[in-house]
Colleague: 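Pasting in a structure now, in structure tokens, and then I'll have a few things to ask.
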Amino acid sequence: MDGIVTDVAVGVKRGSDELLSGSVLNSPNSNMSSMVVTANGNDNKKFKGDDKMDGVPSRVLHIRKLPGEVTETEVIALGLPFGKVTNILMLKGKNQAFLELATEEAAITMVNYYSAVTPHLRNQPIYIQYSNHKELKTDNTLNQRAQAVLQAVTAVQATNAPISGTTVSESAVTPAQSPVLRIIIDNMYYPVTLDVLHQALDGQNIYNACCTLRIDFSKLVNLNVKYNNDKSRDYTRPDLPSGDGQPALDPAIAAAFAKETSLLGLPVAAVPGALSPLAIPNAAAAAAAAAAGRVGMPGVSAGGNTVLLVSNLNEEMVTPQSLFTLFGVYGDVQRVKILYNKKDSALIQMADGNQSQLAMSHLNGQKMYGKIIRVTLSKHQTVQLPREGLDDQGLTKDFGNSPLHRFKKPGSKNFQNIFPPSATLHLSNIPPSVAEEDLRTLFANTGGTVKAFKFFQDHKMALLQMSTVEEAIQALIDLHNYNLGENHHLRVSFSKSTI
């Protein structure tokens, strides 16, 4: 949070003619160039098929119909769950923006996700599609504010170094002496407000397996908070103005702050719909759920939809068991139903809404049996089992009592080891008699190529790298729970490490 509040809170209204020059975007496409450079032209003709998200994939995305008061930070936040954001160009006079991600794969995942869940900013639907540009060429002198915000967000994400602009006196403070804490949230798939942070503790997951807090000492000596709103708050001063057009603090919440009910010596934020931290062990989760419902994030609610619709499956290869194994990496799959009249699609019911969100965000756009699968939230609340006596050809299966669920045990280490699909697999529960060559041969037999292998010191665990992510997905489906003998069943998961 060092220095970011000030950067983000300052609003400067400007038209697109102030932001752009002929050198801002360099492209051979004359239509897009004329759209960008002309400040007052009629753009409708230049955006035929506006409501479509298809087109040639590009790591530059074109975002349209933005609310007039939207900030750079809000636009950047659209892309952060999908990967690193490398550039941004705001066209405030046209209510548009261009967002550049680090990779084309990240952009594809983002477009796929928002094609299923309409993105909203400030309660207004916006539209995202691929840009004709392959990269953004921005003139920093004309786009300084957006670049400053992007650099600030990147600095906090990537390092623990002080953000540019920190004074010498601030840098000279010994971190352990500072009364100011800096909080970074890893793996943020759900909205986390200041109210939620106020109740949370270092190392806790606000939601299962994501939104993990990292708390250390800031370089700042003190915080000067001028406004109580969604970007800054002084919990000892409920009387502060909301500022900059933000809605005022609810009087009931302000009164609760004034009482300063204390937990472990700290004032506790009052969040509408949340239970008292003393009443339940996971108060932060309840507060976060209430906060998520309050900000109205599409697809996220306090309960959350547990059923996923998976489409574009390889109907010749897919089975309920293979879907159970793959989606089981991100949650406890309860039921799977491959649709009888559309066998390239399936419904998957997870144990809770958080798990369905995790599975969707990690598996949408991945390749399974040679086809890129699409994962969205279903309109169904449950997966219905076939009527007794009805033969559905094994297309529906109930996994509710499966012993292979990874997350049934509270506090399991599996919650801390959820990672996106990767070419590197983590293997565990390996018996002493199984050698490296045995495992290399076993995984090569799944149809892929083993590129590297490394045993952990005790030889009970190992890392094994396939040549592609698709091969690793296939190997995990085929070999998770494989019987290696000596009453040892192999455990396979994705790893964030490389060999």
Colleague: Under the ring pair (Phe, Tyr, Trp, His ring centres under 6.0 Å) test, which residues partner F456, sequence neighbours left out?
Modeller: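 Checked F456 against ring pair (Phe, Tyr, Trp, His ring centres under 6.0 Å); matches are H426.
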Colleague: Can you list every side chain to side chain donor-acceptor pair (under 3.5 Å) pair that touches residues 461-478, not counting sequence neighbours?
Modeller: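 Applying side chain to side chain donor-acceptor pair (under 3.5 Å) to every pair that reaches into residues 461-478, excluding sequence neighbours, yields S467-E471, Q474-D478.
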Colleague: Can you name the salt bridge (charged side-chain N to carboxylate O under 4.0 Å, His left out) partners of E436, sequence neighbours left out?
Modeller: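 Here the qualifying residues are R440.
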Colleague: Going by salt bridge (Lys or Arg N to Asp or Glu O under 4.0 Å), name the pairs with one or both residues in residues 96-108, residues two or more places apart or in two chains.
Modeller: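 For residues 96-108: R59-E100.
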Colleague: Partners of N481 by side chain to side chain donor-acceptor pair (under 3.5 Å), sequence neighbours excluded?
Modeller: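 Scan of N481 (side chain to side chain donor-acceptor pair (under 3.5 Å), adjacent residues dropped) gives R491.
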Colleague: Return the set of residues passing side chain to side chain contact (heavy atoms under 4.5 Å, CB included) with N445 (not counting sequence neighbours), or none when no residue passes.
Modeller: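 Result, side chain to side chain contact (heavy atoms under 4.5 Å, CB included) vs N445: T441.
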Colleague: Which residues satisfy the side chain to side chain donor-acceptor pair (under 3.5 Å) test with D344, sequence neighbours excluded?
Modeller: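 Scan of D344 (side chain to side chain donor-acceptor pair (under 3.5 Å), adjacent residues dropped) gives K342.
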Colleague: Quick one: salt bridge (Lys or Arg N to Asp or Glu O under 4.0 Å) pairs with a partner in residues 353-376, sequence neighbours left out?
Modeller: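 Non-adjacent pairs meeting salt bridge (Lys or Arg N to Asp or Glu O under 4.0 Å): zero.
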Colleague: Applying side chain to side chain contact (heavy atoms under 4.5 Å, CB included), can you list everything that pairs with V492, at least two apart in sequence or on another chain?
Modeller: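 Applying side chain to side chain contact (heavy atoms under 4.5 Å, CB included) to V492 gives L425, L427, F443, L476, H480, L490.
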Colleague: For S58, enumerate each residue passing the side chain to side chain contact (heavy atoms under 4.5 Å, CB included) test, keeping only those at least two apart in sequence or located in another chain.
Modeller: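 Per chain and number, S58 pairs via side chain to side chain contact (heavy atoms under 4.5 Å, CB included) with V60, K134.
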Colleague: Taking side chain to side chain donor-acceptor pair (under 3.5 Å) as the definition, give me every residue that meets it alongside T498, ordered by chain and number, with sequence neighbours left out.
Modeller: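 In terms of side chain to side chain donor-acceptor pair (under 3.5 Å), with neighbours along the sequence ignored, T498 is linked to no residue.
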Colleague: Under the side chain to side chain contact (heavy atoms under 4.5 Å, CB included) test, which residues partner T396, sequence neighbours left out?
Modeller: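 For T396 the side chain to side chain contact (heavy atoms under 4.5 Å, CB included) partners, ignoring immediate neighbours, are K337, L385, P386, D392.
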